[in-house]
K.L.:
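Right, I'll just put the structure down here and ask away after.
Basis for what follows: all heavy atoms, side chains included, without hydrogens, waters or symmetry-related copies. We name chains A, B, ... by the order of the sequence lines, and we start the count at 1 in each one. It should be emphasised that the depicted structure is a prediction, and the values quoted were computed from it without experimental measurement.
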2 protein chains.
Amino acid sequence: MSAAPSHVAYESDIAPIAALISDRTRAAMLTALLDGRALAAGELARLAGVSPATASSHLARLLDGRLITMEAQGRHRYYRLAGSEVARVLETIALISPPIQVRSLRQSRQAAMLRTARTCYDHLAGRAGVALLDALLDKGVLIPAGETYEVPADGEELLAGFGVDVPAVRRSRRKFAGPCLDWTERRPHLNGALGAALTARLIDLGWLVRGRERRALVITDTGRAGLADVFGCLLD
Amino acid sequence: MSAAPSHVAYESDIAPIAALISDRTRAAMLTALLDGRALAAGELARLAGVSPATASSHLARLLDGRLITMEAQGRHRYYRLAGSEVARVLETIALISPPIQVRSLRQSRQAAMLRTARTCYDHLAGRAGVALLDALLDKGVLIPAGETYEVPADGEELLAGFGVDVPAVRRSRRKFAGPCLDWTERRPHLNGALGAALTARLIDLGWLVRGRERRALVITDTGRAGLADVFGCLLD
DNA sequence: GTCATGCTTCGATGCTCAACGAAGGATCGT
DNA sequence: ACGATCCTTCGTTGAGCATCGAAGCATGAC
């Protein structure tokens, strides 16, 4: 095929984006960036199991396709996902992808940890993420408004007491708050600037701690108690 | 790379699914199936601009990857998307894909039509879809409940008067109703069994008519008046 | 039965692209 | 200035796969 058939010519060209994700190495890199961190090229090469030369060419293609962004710092070059829409695409595809069969006990434990709590881009996901969103909606801290959520005055007060400055979060140019479909729970967790701020505060407080695989999160005992106390969020 | 690096081994294997979408021809076929219809192999070959032999091999791969399903009828073989999750993936990727530049006036008119009203899998999308969901929420016919919507008693009554049997829709095994992010409007429209039933009824009533490209929908004058009258849904 | 239609399988061709080693910047430490 | 580190560019190799025509296999029409 040299040209697109005319019947689809008025649509978005999804094949090139899918092609960027369709390579195992690039998919591994994107997945490694799914927690929203910036990683250096060498680190990504090591994680994906390829030579620096190979990694560099893949990163150049991902950059060209605007799936990632780059920031040079000294002789390091840090790459991160271009935005949460990219993370959304990856998680949406994961939703219909066959899960990789678990081979070792260690892997099985890690998978269980990820299902319990993890970061999705930069906000809380997994059972804990879903439970927290449920609790916030239940308590009226969040009010659904179409695709987004709003925070009423009393909700803003409660969040202020918790240590999240809602007016400051609102000033961010990023989407304020919205639902993000969770690929393990198949139900939404909290997205956007507010989701990120809440998650950051939870980690700051020591209610959540990063696991060895940095995407994984562990809920501490104080965290469990605090979440129940402040948000009425009960975790099994 | 012969094996997946251990760091991502506990996750879903997204690369193979992305690979299925990454080919222009297969992407064209999947896009053609986005309206939820079943199309014959020959039709898909023609739409994608390839020989029957080529189309057949692509369809076999899509079938193997469970992105589509097949039903044989006589000497025809009809293919359709495996489900709305697949449609969701395609639309999500479209969200971050560069739109194809418009070349002809005809294409520009068709693109405008698609933005105004179209089917997404089997439910109404585009400006009309977003406006209808807004109106339904505004009127209280739909109540947000996490990732899904519920219909209260008076909403059920209004829909019954319109010709949609909500209890029957509820009995479907499919998800009842939910938001589906619109890739042109970047705001949600109504999804699920209820979205499909509503859309079918709108077409039945002649309020919406299929365009030449079957995914496109045209709002008739009676439709415009009816939507405003019944749902308070105003279209520009 | 016989022919036409719709689709798939087979085999051959050619192109794309992932991978690596080697070499070439760029930056840091000393 | 000098080597060390980090990363990229270049050139080559090899594997995968999209494509088609021809042949095979069903089904439907007559």
K.L.:
Rounding to an integer number of Å, can you tell me how far B:Q73 CD sits from C:dG6 C1'?
P.N.:
13 Å

K.L.:
CG of A:D204: more than 12 outside heavy atoms within 6.0 angstrom?
P.N.:
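Enclosed: over 12 neighbouring heavy atoms sit under 6.0 Å from CG of A:D204.
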
K.L.:
Just call it for B:A40: base, sugar-phosphate, or nothing, with non-hydrogen atoms closer than 4.0 Å on any strand.
P.N.:
sugar-phosphate

K.L.:
B:E71: which residues meet the side-chain contact (heavy atoms from CB on, under 4.5 Å) condition with it, sequence neighbours left out?
P.N.:
B:Q73

K.L.:
Would you list the atom pairs, donor with acceptor, under 3.5 Å between side chains in residues 191-201 of chain A and any protein atom, with sequence neighbours excluded?
P.N.:
residue : atom : partner : partner atom : Å
A:T199  : OG1  : A:L124  : N            : 2.9
A:T199  : OG1  : A:G195  : O            : 2.7
A:R201  : NE   : A:F162  : O            : 2.9

K.L.:
Taking only side-chain N and O atoms of B:S51, does any of them lie within less than 4.0 angstrom of OP1 or OP2 on D:dT19?
P.N.:
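B:S51 to D:dT19 OP1/OP2: no side-chain N or O under 4.0 Å.
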
K.L.:
Roughly what angle, to 10°, lies between the helix axis at the start of the helix from C:dG1-D:dC30 to C:dT30-D:dA1 and the one at its end, five pairs per end?
P.N.:
30°

K.L.:
Taking side-chain contact (heavy atoms from CB on, under 4.5 Å) as the test, write out the residues that go with A:T116, two or more places apart.
P.N.:
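Scan of A:T116 (side-chain contact (heavy atoms from CB on, under 4.5 Å), adjacent residues dropped) gives A:R127, A:I219.
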
K.L.:
Please give me every residue in residues 74-82 of chain A whose heavy atoms get under 4.0 Å of an atom in DNA chain C, ordered by residue number.
P.N.:
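Residues of residues 74-82 of chain A under 4.0 Å from DNA chain C: A:G74, A:R75.
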
K.L.:
If you look at every strand shown and take non-hydrogen atoms under 4.0 Å, does A:A41 touch a base, only sugar-phosphate, or nothing?
P.N.:
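Counting heavy atoms under 4.0 Å across all strands, the contact made by A:A41 is with sugar-phosphate only.
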
K.L.:
If you look only at pairs with a residue in residues 29-73 of chain A, which of them pass as a ring pair (Phe, Tyr, Trp, His ring centres under 6.0 Å), with sequence neighbours excluded?
P.N.:
none

K.L.:
Mind checking what makes side chain to side chain donor-acceptor pair (under 3.5 Å) contact with B:R224, not counting sequence neighbours?
P.N.:
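With neighbours one apart ignored, the set is empty.
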
K.L.:
Roughly how many Å is it from CE in B:M29 to P in D:dA18, rounded to a whole number?
P.N.:
11 Å

K.L.:
With sequence neighbours excluded, tell me which residues meet side-chain contact (heavy atoms from CB on, under 4.5 Å) with A:R75.
P.N.:
none

K.L.:
Respond yes when some side-chain nitrogen or oxygen of A:T54 is under 4.0 Å from OP1 or OP2 of C:dC20, and no when none is.
P.N.:
yes

K.L.:
Which residues pass the side chain to side chain donor-acceptor pair (under 3.5 Å) test with A:S84, not counting sequence neighbours?
P.N.:
none

K.L.:
Between C:dC7 atom C1' and B:E43 atom CD, what is the distance in whole Å?
P.N.:
14 Å

K.L.:
Quick check on side chain to side chain contact (heavy atoms under 4.5 Å, CB included): which of B:L20, B:I21, B:D23 does B:L30 satisfy it with?
P.N.:
B:I21

K.L.:
Does anything in residues 56-72 of chain B come within less than 4.0 Å of DNA chain C? Heavy atoms only, and list the residues if so.
P.N.:
B:S56

K.L.:
Ignoring hydrogens and angles, write down the donor-acceptor pairs under 3.5 Å from the side chains of residues 61-68 of chain A, residues two or more places apart or on other chains.
P.N.:
none

K.L.:
Applying side-chain contact (heavy atoms from CB on, under 4.5 Å), can you list everything that pairs with A:S51, at least two apart in sequence or on another chain?
P.N.:
A:A53, A:T54

